[in-house]
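Here's the structure, in structure tokens; my notes come after.
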Amino acid sequence: MYKHFIKPVADRILALCLLLLFAPVMLLTALMVRIKLGKPLLFSQERPGLHGNVFRVYKFRSMSDARDATGELLPDDIRLGHFGKLLRSTSLDELPQLWNVLKGDMSFIGPRPLLVEYLPLYNAFQRRRHEVRPGITGWAQVNGRNAITWDERFALDVWYVDHVSLWTDIRIVVMTIYKIFRRDGVSQGGHVTMPRFMGNENKGASNDTIA
């Protein structure tokens, strides 16, 4: 009852309330992004959701478009900068995803939506993360966020799929608030985000991706 009926309805009601409540914060954040990074204000990208169905996710932009002499984008850690790190550590960059929750593409709690290109790389166990809607925060985020390995992340995501409940979601919300104030687990050693997932036969690759 909670997983299939109460949770989706509660998500949409809460998303609408929070969009109204945080409208001033979102406007101020958008203004700061415009001043610090210029246009566009939002980063958007297609991500797989429930049952692997693709939707477009939105976040406040946190990286600049700085390029080298040949026109290539500079490394993520350079383009992120102090302002971008602040947005990510406080999770202010995630606020536009309230719109995704209101639309029903996402939930407040669930596995984070990853890249579409990862879909064919998952094994049967890892693919189970798509049995629920992706979330703004989730069990993996409060147990290491981007500072854990892919194996650990998938194990935590599937654990959540098997233990969805009101109590679990409340626990994750409380832990998320604690993590935001602590600002820990934002990145893995040597990376500004998670290393790119290269499949189950090529672990340890180090290309960065926004996750």
Side-chain angles (χ1 to χ4, degrees), residues 15 18-19 21-48 55-101 105-106 108 110-118 134-138 140-150 153 172-173 175-198 205-211:
L18 290 180
L19 278 169
L21 179 65
F22 284 107
V25 177
M26 294 178 69
L27 287 173
L28 179 59
T29 303
L31 177 62
M32 292 304 298
V33 170
R34 179 68 176 86
I35 293 172
K36 295 288 187 178
L37 302 175
K39 294 181 179 179
L41 302 180
L42 297 177
F43 165 85
S44 69
Q45 192 175 56
E46 289 189 333
R47 298 288 175 96
F55 70 99
R56 184 163 290 277
V57 69
Y58 297 94
K59 301 173 70 172
F60 278 120
R61 182 178 167 207
S62 59
M63 289 188 184
S64 72
D65 288 327
R67 300 175 183 269
D68 61 21
T70 65
E72 295 293 324
L73 288 171
L74 294 175
D76 288 354
D77 57 342
I78 296 176
R79 293 192 297 121
L80 186 59
H82 178 73
F83 176 69
K85 291 178 182 177
L86 177 64
L87 282 183
R88 292 192 180 184
S89 66
T90 57
S91 295
L92 287 172
D93 63 321
E94 309 283 0
L95 286 176
Q97 289 173 42
L98 291 172
W99 174 246
N100 288 116
V101 177
D105 296 326
M106 294 178 64
F108 279 100
R112 286 294 295 158
L114 301 177
L115 298 179
V116 174
E117 65 193 65
Y118 293 171
I136 294 179
T137 186
Q141 278 57 54
V142 298
N143 284 282
R145 200 171 177 180
N146 289 328
I148 56 178
T149 67
W150 280 109
R153 181 168 187 162
I172 291 173
V173 168
M175 293 175 70
T176 297
I177 294 171
Y178 175 76
K179 289 284 185 177
I180 290 174
F181 281 105
R182 283 283 303 273
R183 298 186 187 180
D184 59 354
V186 176
S187 63
Q188 195 176 90
H191 305 277
V192 296
T193 56
M194 282 287 289
R196 184 176 294 274
F197 179 61
M198 303 298 290
S206 60
N207 296 324
D208 288 325
T209 184
I210 299 174

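Note that this is a predicted model, so its numbers are computed, not measured.
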How long is the span from the [atom1] atom in [X] to the [atom2] atom in [Y], to the nearest 0.5 Å?
| X | Y | atom1 | atom2 | result |
| --- | --- | --- | --- | --- |
| Met198 | Tyr118 | CE | OH | 8.5 Å |
| Phe108 | Ile172 | CZ | CD1 | 13.5 Å |
| Glu94 | Leu87 | CD | CG | 10.0 Å |
| Arg112 | Ile136 | CZ | CD1 | 7.5 Å |
| Gln45 | Lys59 | CD | NZ | 9.0 Å |
| Arg47 | Tyr58 | CZ | OH | 13.0 Å |

Does [X] reach the side chain of [Y], with side-chain heavy atoms less than 4.5 Å apart?
| X | Y | value |
| --- | --- | --- |
| Leu41 | Thr29 | no |
| Leu95 | Phe60 | yes |
| Leu114 | Pro48 | no |

Write down the atom of [X], the atom of [Y], and the distance for their closest heavy-atom approach.
| X | Y | answer |
| --- | --- | --- |
| Trp150 | Pro195 | NE1-O, 2.8 Å |
| Gly135 | Pro113 | O-CD, 3.7 Å |
| Gly38 | Arg61 | O-NH1, 3.4 Å |

Go through the steps for Ile148 and Asn143 under the test side-chain contact (heavy atoms from CB on, under 4.5 Å), then give the verdict. CA-CA 8 Å; Ile148 56 178; Asn143 284 282; 5.8 Å; no
Holding to side-chain hydrogen bond (donor to acceptor under 3.5 Å, both in side chains), I want the full list of residues that pass it with [X], two or more places apart in sequence or in another chain.
| X | answer |
| --- | --- |
| Arg56 | Ser44 |
| Asp105 | Lys103 |
| Thr176 | Thr137 |
| Glu117 | Arg196 |

For Ile177, give me all partners under side-chain contact (heavy atoms from CB on, under 4.5 Å), at least two apart in sequence or on another chain. Val173, Phe181
Using side-chain contact (heavy atoms from CB on, under 4.5 Å) as the criterion, list what pairs up with Ser64, not counting sequence neighbours. Leu37, Ala66, Arg79
Report the C-alpha separation of Arg88 and Leu80 in whole Å, then their side-chain angles, then the decisive distance to 0.1 Å, and conclude whether the side-chain contact (heavy atoms from CB on, under 4.5 Å) test is met. CA-CA 10 Å; Arg88 292 192 180 184; Leu80 186 59; 3.7 Å; yes
